[in-house]
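Contents: one structure, followed by commentary.
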Protein chains: 2
Amino acid sequence: MRQTRQRQLILEHLKRTANHPSATEIYDLVRQDLPSISLATVYRNLESLCSLGLAKKVETFGGQKRFDAIVADHMHAICTKCGKVRDIETEPEFKPEKLRSIDSDFEITGVRIDLLGICPECMRLQNQNKEEK
Amino acid sequence: MRQTRQRQLILEHLKRTANHPSATEIYDLVRQDLPSISLATVYRNLESLCSLGLAKKVETFGGQKRFDAIVADHMHAICTKCGKVRDIETEPEFKPEKLRSIDSDFEITGVRIDLLGICPECMRLQNQNKEEK
DNA sequence: CTAGGTGCAAATTATTTGCCGCGAG
DNA sequence: CTCGCGGCAAATAATTTGCACCTAG
């Protein structure tokens with residue numbers, strides 16, 4: 001794969017951004033260094049990084065997909081209000097690898113364990129609204 | 001909630017269809033009984049069934065969301081090629097209730113465990129293509 | 001050089017919404 | 001009756017694609 005400035009920057013920002021950015025969030029970040037980049041390029045590169053195994057898609061709530069530069073199996077906590085994603089320390093007994101051995105007709109290639117809920121920020125907003133009523 | 005023919009049929013088909021249909025698949029099914037129904041109605045009703053707790057969204061690969069009338073926590077096997085979803089028996093050690101206790105700032109409301117892979121059908125297609133080469 | 005990558009704009013795909021008339025309760 | 005609901009078409013949102021030019025190797 002050819003090494004371009006845009007590809008470099010996209011991967012760099014993806015690695016640096018903890019909360020699993022969406023395509024448009026990466027677009028905004030990269031634009032700070034390279035204002036001429038187009039959103040289409042971001043999508044195309046995220047796609048190719050995924051197929052090279054350098055990134056992974058995270059299916060969230062709220063439409064947009066998010067991306068993750070940590071490709072090893074791990075758990076996520078996903079906010080069902082705002083869609084933000086956070087990595088979770090996995091207790092050894094819940095290691096995703098254990099699930100891979102579960103039998104099925106499927107050729108299992110990966111495992112996804114997500115805790116769904118409300119993140120602290122959204123929780124705070126919710127409580128504020130209640131108080132205002 | 002008012003009881004309409006369209007709402008009835010949507011829930012009925014959702015319950016009857018094992019592979020977790022998408023909105024358009026439900027639309028096509030319901031149209032066989034009620035040709036005049038509109039896709040918007042299907043979306044609106046699926047949304048309200050979800051908020052009533054009578055259905056659940058399943059986030060898959062391949063754009064479209066899918067829906068599930070089984071609302072109790074359970075695992076899914078999701079095909080990353082065709083997006084089809086199948087229910088999976090959950091090993092006791094991975095019972096969602098156990099996972100809920102994992103600590104985090106999150107107000108955890110649910111757990112999602114998905115095995116990702118290639119379903120038997122897609123696997124067969126893949127092998128056929130190889131032979132043809 | 002030249003194939004693969006990029007930017008731009010237009011196209012698709014999935015879903016949501018405004019409006020207005022209708023029918024369940 | 002009367003409000004919630006449904007149909008239709010238009011609007012959004014997210015992502016993809018065609019094309020002509022550019023550039024890394």
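Residue numbers begin at 1 in each chain, while the letters A, B, ... track the order of the sequences.
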Donor-acceptor pairs under 3.5 Å, side chain of residues 52-63 of chain A to any protein atom, not counting sequence neighbours: which ones?
{"from": "K56(A)", "atom 1": "NZ", "to": "V71(A)", "atom 2": "O", "distance (Å)": "3.1"}
{"from": "K57(A)", "atom 1": "NZ", "to": "E47(A)", "atom 2": "OE1", "distance (Å)": "3.1"}
{"from": "T60(A)", "atom 1": "OG1", "to": "Q64(A)", "atom 2": "O", "distance (Å)": "3.0"}

Report yes if a side-chain nitrogen or oxygen of [X] is closer than 4.0 Å to either non-bridging phosphate oxygen (OP1 or OP2) of [N]; otherwise report no.
X      : N       : answer
Y43(B) : dT16(C) : no
N45(A) : dG5(C)  : no
Q6(A)  : dG7(C)  : yes
T41(A) : dG7(C)  : yes
R7(A)  : dT6(C)  : yes
T4(A)  : dT6(C)  : yes

Q. Is the shortest side-chain N to carboxylate O distance from K81(B) to E121(B) below 4.0 Å?
A.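 A salt bridge is absent here (no side-chain N lies under 4.0 Å from a carboxylate O).
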Q.
Between R86(A) and D105(B), does any side-chain N to carboxylate O distance fall below 4.0 Å?
A.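 So R86(A) pairs with D105(B) through a salt bridge.
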May I have the distance from [X] (atom [atom1]) to [N] (atom [atom2]), rounded to whole angstrom?
X      : N       : atom1 : atom2 : value
F67(A) : dT15(D) : CZ    : P     : 7 Å
Q64(B) : dT12(C) : CD    : C1'   : 13 Å
E47(B) : dC5(D)  : CD    : P     : 14 Å
L34(A) : dC22(D) : CG    : C1'   : 14 Å
K65(B) : dT15(C) : NZ    : P     : 7 Å
R31(B) : dC8(D)  : CZ    : P     : 11 Å
Q3(A)  : dG25(D) : CD    : P     : 7 Å
L39(B) : dT17(C) : CG    : P     : 14 Å

Q: Choose from dC8(C), dG25(C), dG5(C) the nucleotide whose nearest atom is closest to any side-chain atom of R2(B).
A: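 Nearest to the side-chain atoms of R2(B), counting from C-beta on, is dG25(C).
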Q.
Near DNA chain D, counting only heavy atoms under 4.0 Å, which residues of residues 8-26 of chain A show up?
A.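 The stretch gives none, as no residue of it lies under 4.0 Å from the strand.
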Q: May I ask you to check whether over 12 heavy atoms, not counting those of E97(A), lie within 6.0 Å of atom CD?
A: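 Correct, the count exceeds 12.
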Q. Between R44(B) and G63(B), which has a closest nucleotide on DNA chain C that is more 5'?
A.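 The answer here is G63(B).
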(Q) Using the side-chain contact (heavy atoms from CB on, under 4.5 Å) definition, which of the options H20(B), R66(B), R112(B) pairs with H76(B)? (A)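 Output: one option passes, namely H20(B).
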Q.
Which residue in the set T24(A), I26(A), N19(A) passes side-chain contact (heavy atoms from CB on, under 4.5 Å) when paired with S22(A)?
A.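 It is T24(A), the one option of T24(A), I26(A), N19(A) that forms the side-chain contact (heavy atoms from CB on, under 4.5 Å) with S22(A).
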(Q) Give me each pair satisfying ring-ring contact (aromatic ring centres under 6.0 Å, His included) with a member in residues 22-52 of chain B, each pair once, sequence neighbours excluded. (A)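 Every candidate ring-ring contact (aromatic ring centres under 6.0 Å, His included) pair involving residues 22-52 of chain B fails, so no pair, neighbours aside, qualifies.
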